[in-house]
2 protein chains.
Amino acid sequence: MTTEELILAAARKVFVQKGMEGSRMQEIADEAGINKALLHYYFRSKEKLFEQIFAEGLKQLLPKVQLSIEKSEGICDFVNFFIEYYLEMIKELPYLPHFVLHEIHRDPSKIVEIIKGQGLPFTRLQSLIDKDVAAGSIKPIQLEHLMVNIVSMVLFPVIAKPIIQAVLFGNNEIKYATFLEERKSVVIPFVLQAIGVKTN
Amino acid sequence: MTTEELILAAARKVFVQKGMEGSRMQEIADEAGINKALLHYYFRSKEKLFEQIFAEGLKQLLPKVQLSIEKSEGICDFVNFFIEYYLEMIKELPYLPHFVLHEIHRDPSKIVEIIKGQGLPFTRLQSLIDKDVAAGSIKPIQLEHLMVNIVSMVLFPVIAKPIIQAVLFGNNEIKYATFLEERKSVVIPFVLQAIGVKTN
DNA sequence: ATCTGGTTTAACCATTTAGTTAAACCATTT
DNA sequence: AAATGGTTTAACTAAATGGTTAAACCAGAT
C-alpha cells in the first residue's frame with residue numbers, strides 16, 4: 001500500500017465517522033501511522049483532502065440509481081433492483097449516508113459541481129411509470145414522491161440508527177441488526193402494495 | 001427578553017444550524033449581541049449550553065408519537081395524526097431533525113438519559129394493529145417497520161433537502177417547497193394503501 | 001450619596017490546530 | 001562513493017478558540 005493510499009484510507013475512516021469539523025489532521029496522521037506534515041505534503045490542505053473523500057463518497061451513493069433505472073423493464077423491476085442495491089450498499093458502508101448528508105447540509109454548494117454531468121435518466125423512469133399506469137398495473141404516482149419514499153425508507157434507518165436502536169429496541173444491537181436484515185423483505189412489498197401492484 | 005433568553009435563542013439558532021462542533025462561542029455571543037464572557041457567566045461551558053439546546057430539541061421531536069398514539073382509535077387514525085403532526089412540526093422547525101440526528105450520531109450516549117422515563121406507549125399501538133389485523137381491515141405488519149417507514153418518509157425529505165432539491169428539482173427552491181407541501185396528501189394514502197386499507 | 005450585589009465588559013491566558021520549514025532519510029543514478 | 005531528488009520527520013509558527021479574571025456598570029436598598 002502506497003503512502004497516498006494509506007492516507008486516503010485513514011482520512012476516509014476518520015472523516016466519514018466524525019465529519020469535516022469533527023476530524024483532526026493529527027488523528028488522520030495517527031490513523032495512517034505517519035507524520036502530520038506528510039498529509040500536507042500529499043494533500044495541500046485539510047479542505048483538499050476532505051474534498052476527495054467527500055466526492056468519492058457521494059459518487060458511491062448515486063450510480064445505483066442510474067443502474068437500477070437502466071436495468072428495469074417496468075417500475076416493479078425498478079423498485080426491486082433499487083431497494084436491493086441500496087440495502088446492499090449500506091450494509092457495507094453504513095456511515096456513508098449520514099456523512100454525505102451532513103456535509104452537504106454544511107455546504108450545499110458542493111453538490112452542484114459533483115452532480116453536474118451525472119444527468120440521471122429520470123425521463124426513462126417516468127416512461128416506465130407512465131406505461132404501467134396506462135396498463136392499469138399500478139396507481140398513478142409522482143416520480144419524485146416515489147423516489148423520495150423509497151430512498152427515505154432505505155437510508156433513514158441507518159442514518160437514525162442510534163435513536164431507532166434506543167427507542168425501539170432498548171439499545172439491543174442484535175435486535176437492530178435483525179431489523180435491518182428484515183428491511184428488504186418488508187420495504188419491497190410495502191412499496192409495491194402502496195403503488196397498487198397486485199401481490200398474491 | 002432577559003439576557004438568558006437572549007443567549008438561549010442565539011445558541012439555538014447557531015447550534016441547530018451548525019452543530020456543536022461547527023459552532024463558535026463568539027458567534028453565539030455576536031448573534032445575541034453580547035460579550036462572549038457573558039455566555040460563560042450564564043452557562044459555565046459550551047458543553048453545558050449545548051446540552052440545554054439539544055435536550056430541548058430532542059424533547060420537541062418525541063411527544064408527537066405519544067400524543068398520536070393516545071388519540072387514535074385504530075391504526076388508520078394513528079397514521080393520519082402522526083404524519084400530520086410531524087409534517088406540521090418540520091414546517092416550523094425544518095433544521096431540527098438533522099440537528100438532533102447528527103448530534104446523537106456524534107455521541108449516542110446522550111439519548112439514553114433523555115429517553116429514559118419517556119416510555120412511549122408502544123403496547124397500545126401494538127394492540128391497535130392487532131385489532132385491525134384481526135378484523136381484516138389491514139394486512140399484518142411489524143410495528144417497528146411501520147413506525148420506521150412512516151418516520152422515514154416524513155423526516156428524510158427535510159434532512160436531505162439540499163440533495164433532493166438539487167437532484168430532483170434543479171435547485172429550484174420553490175419546486176422543493178411545493179413538493180414538501182404535497183407530502184401530506186401523498187404519504188398518508190401511500191402508507192394506508194401499503195398496509196392494505198381499502199380506499200375509494 | 002453611597003453601599004451592595006448581581007450583571008457586563010475588555011483584556012488576558014492556555015490550549016488546540018492547520019499549516020510551514022529545514023533538515024534528515026533513502027533509493028536510484030552517475 | 002557522490003550526487004540527485006522524491007519522501008519523511010521533528011520542530012516550529014500563527015491563528016483560532018474555550019475559558020478566566022479583574023474591573024466597570026448599574027439598579028435598588030440603606
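Note that the coordinates shown come from a computational prediction; the quantities given were computed from them, not determined experimentally.
Computed from coordinates, the A/Q26 CD to D/dA10 P distance equals 11 Å when rounded to whole Å. Taking atom CG of residue B/L38 and atom P of nucleotide D/dG18, one finds them 16 Å apart after rounding to whole Å. Counting to the nearest Å, the P atom of D/dA15 and the CZ atom of B/R24 are 17 Å from each other. Protein atom CE of B/M25 is 7 Å distant from nucleotide atom P of D/dG18, rounded to whole Å. One atom, CZ of B/F43, and another, C1' of D/dG18, lie 16 Å apart when rounded to the nearest Å. For A/H40 and D/dA11, the NE2 to C1' distance is 15 Å, given to the nearest whole Å. Rounded to a whole Å, the CG atom of B/L49 is 15 Å from the C1' atom of D/dT17. Rounded to whole Å, atom P of D/dT17 lies 10 Å from atom NZ of B/K18.
Below 30°, between 30° and 60°, or above 60°: for A/F169 and A/Y176 the angle between ring planes is above 60°, a perpendicular geometry.
A donor and an acceptor atom, one from each side chain of B/K13 and B/Y95, are nowhere located under 3.5 Å apart.
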From CA spacing to verdict: salt bridge (Lys or Arg N to Asp or Glu O under 4.0 Å), A/K110, A/E103
CA-CA 9 Å; A/K110 268 176 197 149; A/E103 299 305 332; 5.1 Å; no

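Mapping A/Y41 and A/A37 onto DNA chain D by nearest heavy atom places A/Y41 at the nucleotide closer to the 5' end.
A salt bridge links A/R12 to A/E56: one of the charged nitrogens lies within less than 4.0 Å of a carboxylate oxygen.
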Taking Watson-Crick and G-U wobble pairs with both distances under 3.5 Å, convert DNA chain C into its dot-bracket string, 5' to 3', dots for unpaired and | for cross-strand pairs.
||||||||||||||||||||||||||||||

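For D/dG19, neither phosphate oxygen OP1 nor OP2 lies less than 4.0 angstrom from any side-chain nitrogen or oxygen of B/R44.
Shown here is B/R44, whose CZ atom has no more than 12 heavy atoms of other residues, nucleotides or ligands within 6.0 Å. Atom CD of B/E73 is surrounded by 12 or fewer heavy atoms from other residues, nucleotides or ligands within 6.0 Å. Under a cut-off of 6.0 angstrom, the local environment of CD in B/E173 is sparse, with at most 12 non-hydrogen atoms contributed by other residues, nucleotides or ligands.
No N or O donor and acceptor, one from the side chain of B/K46 and one from the base of D/dG19, sit under 3.5 Å apart.
Here chain A contacts DNA chain C (any atom closer than 4.0 Å to a heavy atom, that is under 4.0 Å), and the contacts span C/dT17 to C/dT21 from 5' to 3'.
Sorted by first and then second residue, the pairs that involve residues 17-28 of chain A and meet salt bridge (charged side-chain N to carboxylate O under 4.0 Å, His left out), not counting sequence neighbours, are A/K18-A/E27, A/E21-A/R106.
In this structure, A/S23 reaches the sugar-phosphate backbone alone: every heavy-atom distance under 4.0 Å involves primed, P, OP1 or OP2 atoms, never a base.
B/K71 forms a cation-pi arrangement with B/F81, by the criterion of a distance under 6.0 Å to the ring centre and an angle within 45° of the ring axis.
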